[in-house]
Undergrad: 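I'd like to ask some things about the structure below.
The chain is numbered in sequence order, starting from 1. Just so you know, these numbers use all the heavy atoms, side chains as well, and skip hydrogens, waters and symmetry mates. This is a predicted model, so every value here is computed, not measured. For ligands, and for the atoms within them, numbers begin at 1 and follow the listed sequence.
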Amino acid sequence: MVNVAILGYGVVGSGVYKVINENNSHVSRRAGDTVRVKYVLDLREFPGDPAEDVLVHDFDVILNDEEVDVIVETMGGVEPAHTFEVKALKAGKSVCTSNKEVVAKWGFELLQLAKENNCNFFFEASVGGGIPVIRPLINSITADHIKSISGILNGTTNYILTKMADEGIAFEEVLKDAQNKGYAERNPEADIEGYDACRKIAILASLAYEKQVDYEDIYTEGITKITAIDFWYAGQLDASIKLLGLAKRQNGVVYAMVAPFIVKANNPLFGVNDVFNAILLDGDMLGEVMFYGKGAGSLPTASAVVSDVIEAAKNKGKNIPILWRPEKRELGSVDVFETSYLVRVSGLKAVERLREIFGDAESEIRYERNKEEIFKREIKHAFGAVEFIEGQHGGEVAFVTGPMSGADFEKAAEDFVIENRIRIAEV
Ligand code: HSE
């Protein structure tokens, strides 16, 4: 018998309970032993719920029960989740979790504790929900150096961006709609500001590049500044806009960032829409491989957690090593990272300043009449060879730059009134 305790009976925890019970004979066969949920820990009561009979409110009941082999942590948040995981591993109980905050911050320490106590720390569901990506990264793509990882790692923002692209609706309006439908949280900050994707790319980069990538070091930009006009220009490029988590080795340096990117139609990530997630890995021998599926939701995420439970059950009393070294990975700065940009310019700062000072009617008329030409000349002068995009919105000029470092971009952009600039994903 393999006894499981689920900490947190929310969306994912209740899904784990359901998967273990509904697919019990299948799960048990795969585990090589009967798997049962002995406890569910939650502060709340669940009258009439199937888990009511195994519900407890005190973690120590679980910790002190020697029969419990595997602890599923689906509480989310940092504390007490982290403390409970530490105590469980020290007691020799394997931990399986979907908690990306805890994995990103303490992944190495928890793996170490598991090793010291002959048990396991598994976290397949912490990235990409139900998509199996962690285990393939650890177990399958082991012969390769990973050149890059680019992922649509957050379902909420992908849903919002897809709606904006399809229906031309403003960000705020789509967000409200997503909240009303329960797709986005009442407090959507972690999703829309990119913090959730940031933790996920930190985990993938730590595993792919074998040293601790601190999520605090990852440049993170959310989607709140993306407008319908950006989508219009993206459409002119036969592209869309996606929030990507990116980790990449460029000139021997590892870079990681989360930001909205222009994704062209020939990029496999282009067709990843709505709440779906996808992770595109590029190995130096393998080439590109993409993992696609449901990045959130009760049963898809629970499916990944239960696959970890099965792995833990199969390896009772034996630690499965996972390479995640404690040394900190120093990331390259976005100032050095090279990429192309889509840029929208609405003015020249110098001209705006002169207008404020002189407000001279005649030069104003001449400026307005020749604005596009003046912009284009100055843009070429500052950014070098660029590709201008036909068609305009509100007197703007939009263009695509060649690959340039973040610092060179900022320098070239300093004389312009920039409406927005979005990086362009490499194919
Ligand atoms: N808030 C996350 C998302 C849930 O929207 O993808 C899964 O981590």
Undergrad: CD/Gln250 to CZ/Phe337 distance, rounded to the nearest 0.5 angstrom?
TA: 5.0 Å
Undergrad: As an exercise, identify every atom of ligand 1 less than 4.0 angstrom from a heavy atom of Asp196.
TA: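 Within the 4.0 Å cut-off of Asp196, ligand 1 contributes 2 (C), 8 (O).
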Undergrad: Just need the protein heavy atom nearest to atom 6 (O) of ligand 1, so name the residue and atom and give the distance.
TA: Gly155 N, 2.7 Å
Undergrad: Classify the angle between the aromatic ring planes of Phe383 and Phe416 as parallel (below 30°), tilted (30 to 60°) or perpendicular (above 60°).
TA: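 Rings of Phe383 and Phe416: tilted, 30 to 60°.
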Undergrad: I'd like to know whether ligand 1 has Gly129 as a neighbour, heavy-atom separation below 4.0 Å.
TA: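 Gly129: no contact with ligand 1 (<4.0 Å).
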Undergrad: What I want to find out is whether Glu372 reaches Lys376 closely enough, with some N-O distance under 4.0 Å, to be called a salt bridge.
TA: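 Answer for the salt bridge query: yes.
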Undergrad: What protein heavy atom lies closest to atom 1 (N) of ligand 1? Include the residue and the distance to one decimal.
TA: Asp191 OD1, 2.9 Å
Undergrad: Are any of the N/O atoms on Gly295, whether in the backbone or the side chain, positioned under 3.5 angstrom from an N/O atom of ligand 1?
TA: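 It does not: no N or O of Gly295 is found under 3.5 Å from an N or O of ligand 1.
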Undergrad: At under 4.0 Å between heavy atoms, which part of Lys100 makes contact with ligand 1: side chain, backbone, both or neither?
TA: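 Lys100 to ligand 1: side-chain contact only, backbone stays beyond 4.0 Å.
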Undergrad: Just to be sure I read this right, does ligand 1 sit under 4.0 Å from the backbone of Asn277, its side chain, both, or neither, counting only heavy atoms?
TA: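 Neither; nothing of Asn277 gets under 4.0 Å from ligand 1.
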Undergrad: Looking only at protein heavy atoms, identify the closest one to atom 4 (C) of ligand 1 and say how far it is in Å.
TA: Ala296 CB, 3.9 Å
Undergrad: Can you confirm if the NZ or CZ of Lys100 lies within 45° of the ring axis of Phe123 and under 6.0 Å from the centre of its six-membered ring?
TA: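 Here Lys100 fails the 6.0 Å and 45° test against Phe123.
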Undergrad: Going by the order shown, which atoms of ligand 1 are within less than 4.0 Å of some heavy atom of Lys200?
TA: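 Taking each heavy atom of Lys200 in turn, ligand 1 has 6 (O), 7 (C), 8 (O) under 4.0 Å.
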Undergrad: Should Lys38 and Asp65 count as an ion pair when the cut-off is N to O under 4.0 Å?
TA: yes
Undergrad: Could you tell me whether Thr156 approaches ligand 1 through its side chain, its backbone, both or neither, with non-hydrogen atoms closer than 4.0 Å?
TA: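 Both backbone and side chain of Thr156 come within 4.0 Å of ligand 1.
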Undergrad: For a quick check under 3.5 Å, do Asn3 and Lys93 share a side-chain donor-acceptor pair by atom type?
TA: no
Undergrad: Taking the six-membered ring of Tyr215, is NZ or CZ of Arg199 closer than 6.0 Å to its centre and within 45° of its axis?
TA: yes
